[in-house]
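Scope of the values below: all heavy atoms of this structure, side chains included, with no hydrogens, waters or symmetry mates. Quick caveat: nothing in here was measured; it's all calculated off a predicted structure. Every chain is numbered from 1 and lettered A, B, ... according to where its sequence line falls, protein lines coming before strand lines.
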Amino acid sequence: MTFPSTSTPASARSVLSSGLATPKPVFDWFFAFAALSVLAVGVRAIYFTPVEALQGAAQKIYYIHVPAALGAYIGVSITAVMSIVYLWLHDDRADRAAEASAEVALLFLTVVLTTGPIWAHRIWGAWWVWWDMRLTFTLFLWFIVAAYLVLRDGIEDAAMRGRYGAVLAVLGALLIPFIHLSVYLFSARLHPMPVVLKPDKPSLPPEMLTTFLLSFVAFTLFCFALIRARYRIAVQRELVAAFEGDGGPR
Amino acid sequence: MINTTAELIAGYTVAAILYGGYGLLLWIRARRVRRRLDAILTAASSRRSATVPPVRRSR
């Protein structure tokens, strides 16, 4: 796409000169591949993976619950790293990437917090227990990421929005190690010890381990595809805002 | 082994609704912003062609 060189506001010209002159498609082959990978892994988990002897079919929620949690960690970590980059270099691209990652992280956290209780209800006999710190810390992280997005939405000034959001994002990401290590740190818990992400060899049977690893790869790809799509929407919004001269990107 | 098929179906359905819903939201947002962008560019292009003087033909 070519953009007219005349009759454009100065802000739009600066956006165009910063390399945004050709907005890339939001949904492309990478997004389709990632979405199909997630679908394929779901089919493999449901139809081609053995049923666990004690928990029955509900254990298969594991193949979407844990990869979603890891995807949320990735999303929040990208938000934090991009926020540090923004605070350091004041590069708008980093701020845009941080916001896109946070929104996708909130989606993955919501999946974790909804699929987990469905599984727990039958296996633990309770939808939720507040004294399990992995549950409670994950809920806290959800609130922090939601607060980050609400905060950004409420601040008009772009520089202030980026700076305040970045500080909150970096502080919020500090919860991730506590969530992962909570099963080691707190004796009162319902979450089991890790069966894959641990210093020793994974204790899952080979077929289940293969499905889990494929699921992890598929959900990680999907996480990156969603972040990329959301980032590209933000680029186009910024371009529209620059042309309309309404005070900067949202 | 206990029968927990209902939990399996519920878990996967909820996840599909959440991921699918977010995908739909992104698609709607992308379409909306693209339309606005196209409208702006079309208007800017029209303004540009209106301000350019007509080419005088030489005999």
When rounded to the nearest 0.5 angstrom, what distance separates [atom1] in [X] from [atom2] in [Y]?
X        : Y        : atom1 : atom2 : result
B:Leu41  : A:Leu239 : CG    : CG    : 7.0 Å
B:Leu26  : A:Leu226 : CG    : CG    : 6.0 Å
A:Glu238 : B:Leu37  : CD    : CG    : 12.0 Å
A:Ile46  : B:Ile9   : CD1   : CD1   : 8.5 Å

Taking every heavy-atom pair that is under 4.5 Å apart, which of A:Val26, A:Val51, A:Val104, A:Leu107 has the most such pairs with chain B?
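The candidate making the most pairs under 4.5 Å is A:Leu107.
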
Just wondering, more than 12 heavy atoms not from A:Phe143 lying within 6.0 Å of its CZ?
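12 or below, so no.
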
Taking atom CH2 of A:Trp29 as the centre, does the number of heavy atoms from other residues, nucleotides or ligands within less than 6.0 Å exceed 12?
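No, the 6.0 Å shell around CH2 holds no more than 12 heavy atoms from other groups.
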
Under 3.5 Å: donor-acceptor pair, side chain of B:Arg36, backbone of A:Arg237:
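No: the side chain of B:Arg36 does not pair with the backbone of A:Arg237.
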
Over all atoms of both residues, closest heavy-atom pair of [X] and [Y]:
X       : Y        : value
B:Gly11 : A:Ile64  : O-CD1, 3.7 Å
B:Val33 : A:Gln236 : CG1-OE1, 3.5 Å
A:Ala58 : B:Thr4   : N-OG1, 2.8 Å
A:Phe27 : B:Gly23  : CZ-O, 4.1 Å
B:Leu8  : A:Ala57  : CD1-O, 3.6 Å
B:Ile2  : A:Gln55  : CG1-O, 3.9 Å

Side chain from CB out, backbone as N, CA, C, O: work out which of these in B:Tyr22 comes under 4.5 Å of a heavy atom of chain A, or both, or neither.
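For B:Tyr22, the contact with chain A is made by the side chain alone.
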
Need one label for B:Val14: side chain, backbone, both or neither, based on atoms under 4.5 Å from any heavy atom in chain A.
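Contact with chain A is through the side chain of B:Val14 alone.
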
Check the angle between the aromatic planes of B:Tyr19 and A:Phe219 and answer parallel, tilted or perpendicular using the 30° and 60° thresholds.
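Taking A:Phe219 first and then B:Tyr19, their aromatic rings sit tilted (interplane angle of 30° to 60°).
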
Heavy-atom contact with chain B under 4.5 Å, split by part of A:Ala35
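No part of it gets close to chain B.
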
Considering only heavy atoms, which portion of A:Leu39 lies under 4.5 Å from any heavy atom of chain B: side chain, backbone, both, or neither?
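Neither part.
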
